[in-house]
*Asks:* 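Right, I'll just put the structure down here and ask away after.
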Amino acid sequence: MSRKTPQAIRGTQDIFGADAEAFAFVVETFERVRRLYRFRRVEMPVFEKTEVFARSLGETTDVVSKEMYSFDDRGGESLTLRPEFTAGIARAFLTNGWQQYAPLKVATHGPLFRYERPQKGRYRQFHQIDAEVIGAGEPQADVELLAMADQLLRELGIHDVTLHLNTLGDAESREAWRAALIDYFRAVKDQLSEESQERLEKNPLRILDSKDPRDKPFLADAPKIDAFLSEEASAFFAAVTSGLDAAGVKWVRAESLVRGLDYYRHTAFEFIPDEGSASAAALGSQSTVLGGGRYDGLMESLGGAPTPAVGWAAGIERLAMLVGERAEPKADVAIVAEDDASMLVAIAAQMGLRAKGLTCDAFLSGSPRKRFDKAVKSGAKAILAYQMVDGKVTGRVKSEDEALGIQLLQFEHQTSL
RNA sequence: GCGAUCAUAGCUCAGUUGGUUAGAGCGCCGGUUUGUGGUACCGGAGGUCACGGGUUCGAACCCCGUUGGUCGCCCCA
């Protein structure tokens with residue numbers, strides 16, 4: 001019997017008005033830029049078999065162990081709403097024989113789902129733009145991908161965000177570094193924060209970017225990845241950085257930048273607002289606006305042949321916050337029926353104007369005397385007002401824009417014949 | 001998963017130490033005024049004070065719980 005309106009699901013958003021304009025601006029700019037770099041558009045399913053994410057992200061990661069929206073379908077199969085793009089794209093690469101297109105550059109965007117506590121810049125259904133290069137093991141692919149990200153941010157008008165870059169080395173380098181970190185931190189385990197003591201077992205790399213003051217004294221002297229890099233890994237990173245310099249992409253080395261997901265190798269990066277900047281303030285405690293890296297190990301975890309790949313993703317909501325308010329555009333023409341006798345002529349007129357490609361609002365209802373005022377208030381570039389005069393419906397034009405005014409006068413003249 | 005804080009009209013917010021029919025501005029609808037125009041005035045609609053309990057003669061106000069928002073932690077885009 002309750003007539004109560006159901007509430008929206010926690011952490012979802014109904015985006016409207018200036019916010020929706022900013023969101024659309026981000027997506028449109030991304031679509032334009034990815035064409036410049038010749039990334040091909042792909043559309044991906046919103047859900048996959050649970051194992052697609054469990055196997056590629058790693059069972060122990062937070063995303064898989066406690067943040068996925070998983071459910072059994074009517075056939076009893078466990079499915080999951082995608083918490084990220086990369087795993088699904090990798091699955092599609094393997095199941096559709098896209099190896100034949102390698103190196104394959106693809107881009108997509110859409111909703112992702114993560115069961116997390118919502119806060120500023122963080123939602124349970126959120127949206128990302130995403131770019132991947134699959135089947136390209138050379139550092140030039142990393143450079144191109146990062147150059148695209150950098151250009152995208154500039155075209156969005158975001159200038160106070162900088163590329164933070166690191167390398168995790170190849171599989172051997174990464175393992176050796178990890179072992180050294182565990183040795184180093186285990187020696188001072190009692191003095192670390194509770195969180196970092198836990199991370200020591202689960203994900204020791206994460207201790208490096210701890211914000212806890214108890215951990216900070218030990219971070220500076222912690223083993224550095226550079227000491228463990230193989231010759232190949234060093235050369236790879238050097239090729240990436242020199243390529244970025246040649247491309248004119250500004251970057252800073254971030255030795256403590258790591259990735260949470262298991263499949264990353266070599267290049268890891270995040271675009272982060274500069275300290276004290278307007279963008280940093282706009283984002284609150286969420287610092288990363290675009291992040292990614294190289295994931296040469298992923299295809300194997302999904303049962304495919306070893307396939308090198310790089311990619312990044314960026315939160316559309318976060319980018320939209322940095323883009324700021326974007327006003328909804330005003331109509332070219334507001335059509336007014338100043339009395340009910342001119343109604344049908346006004347309806348016909350708006351169809352004619354829209355067919356000519358002019359955006360058009362109509363004011364046909366409510367108090368006839370107030371319709372013109374509403375049209376004025378709407379901020380339309382021009383007003384075309386119809387009124388019954390001496391038994392004939394006639395239109396009057398009011399326009400700030402002279403050319404548009406003349407066009408409307410001609411239109412009115414032709415249609416009144 | 002943990003912590004802090006908030007929830008009154010469509011929106012932004014008042015509402016005194018608990019005390020009659022819960023208010024304003026904006027917006028919306030109607031009327032009058034103006035009359036190539038965004039004005040002014042008058043009127044109207046719209047609220048089980050987030051929801052559920054409790055204390056009290058009496059609760060928007062005090063207590064408990066739930067839901068949701070916001071901001072941190074964890075983690076991440």
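Just so it is clear, the model here is predicted, and its values are computed rather than measured. Chain letters run A, B, ... following the sequence lines, proteins first and then strands; every chain starts at 1.
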*Asks:* Crowded around A:Phe47 CZ? As in, over 12 foreign heavy atoms under 6.0 Å?
*Replies:* no
*Asks:* Can you tell me which residue among A:Arg371, A:Lys374, A:Arg396 is in a salt bridge (Lys or Arg N to Asp or Glu O under 4.0 Å) with A:Glu338?
*Replies:* A:Arg396
*Asks:* Base, sugar-phosphate, or nothing for A:Gly366, non-hydrogen atoms under 4.0 angstrom?
*Replies:* sugar-phosphate
*Asks:* Determine, for A:Tyr101 and A:Arg40, whether the Lys NZ or Arg CZ falls below 6.0 Å from the six-membered ring centre while staying within 45 degrees of the axis.
*Replies:* yes
*Asks:* Any side-chain N or O of A:Lys374 below 4.0 angstrom from OP1/OP2 of B:rC29?
*Replies:* yes
*Asks:* Quick one: do A:Arg154 and A:Asp150 make a salt bridge, cutoff under 4.0 Å?
*Replies:* yes
*Asks:* With rounding to the closest Å, how many angstrom separate the C1' atoms on B:rA14 and B:rC75?
*Replies:* 41 Å
*Asks:* Looking at B:rG37, does its base get a donor-acceptor pair with the side chain of A:Arg396 below 3.5 Å?
*Replies:* yes
*Asks:* In whole angstrom, what separates A:Lys370's NZ from B:rU36's P?
*Replies:* 19 Å
*Asks:* Rounded to whole angstrom, note down the P distance from B:rU66 over to B:rA40.
*Replies:* 49 Å
*Asks:* Please name the residue in the list A:Lys189, A:Arg214, A:Arg199 that meets the salt bridge (Lys or Arg N to Asp or Glu O under 4.0 Å) test with A:Glu194.
*Replies:* A:Arg214
*Asks:* Under a 4.0 Å threshold between the charged nitrogen and the carboxylate oxygen, would A:Asp296 count as salt-bridged to A:Arg294?
*Replies:* yes
*Asks:* Rounding to an integer number of angstrom, what distance separates B:rU56 and B:rU17 when you compare their C1' atoms?
*Replies:* 16 Å
*Asks:* Please state the P separation for the pair B:rG69 and B:rG23 - nearest whole angstrom.
*Replies:* 31 Å
*Asks:* Find the distance A:Leu384:CG to B:rU36:P and express it as a whole number of Å.
*Replies:* 18 Å
*Asks:* Among A:Trp312, A:Phe93, A:Phe39, A:Tyr295, which residue satisfies the side-chain contact (heavy atoms from CB on, under 4.5 Å) criterion with A:Glu132?
*Replies:* A:Tyr295
*Asks:* What interatomic distance, in whole Å, is found between P of B:rC11 and the corresponding atom of B:rC73?
*Replies:* 30 Å
*Asks:* Using a 4.0 Å cut-off on protein heavy atoms (strictly under), produce a 5'-to-3' string for nucleotides 67-77 of chain B with B for base contact, S for backbone-only sugar-phosphate contact, and - for none.
*Replies:* SSS-SBBBBBB
*Asks:* Would you mind reporting whether A:Phe185 and A:Pro204 have side-chain heavy atoms less than 4.5 Å apart?
*Replies:* no
*Asks:* For the residue pair A:Val106 and A:Arg41, establish whether any side-chain heavy-atom pair is separated by less than 4.5 Å.
*Replies:* no
*Asks:* Between B:rA59 and B:rG19, how far apart are the P atoms? Round to whole Å, please.
*Replies:* 11 Å
*Asks:* Show me, range against range, the stems involving RNA chain B, built from at least 3 consecutive Watson-Crick or G-U pairs below 3.5 Å.
*Replies:* B:1-7 with B:67-73, B:10-13 with B:23-26, B:28-32 with B:40-44, B:50-54 with B:62-66
*Asks:* Specify the separation, in whole Å, of atom CG of A:Asp373 and atom P of B:rU34.
*Replies:* 14 Å
*Asks:* Looking only at atom C1', what distance separates B:rG52 and B:rU67, rounded to whole Å?
*Replies:* 10 Å
*Asks:* Taking atom types as modelled and ignoring hydrogens, do the side chains of A:Thr162 and A:Asp274 form a donor-acceptor contact shorter than 3.5 angstrom?
*Replies:* yes
*Asks:* Does a side-chain N or O from A:Ser367 land closer than 4.0 Å to OP1 or OP2 of B:rC29, or not?
*Replies:* no
*Asks:* Taking the same atom, P, in B:rG10 and in B:rC49, what whole-Å distance lies between them?
*Replies:* 13 Å
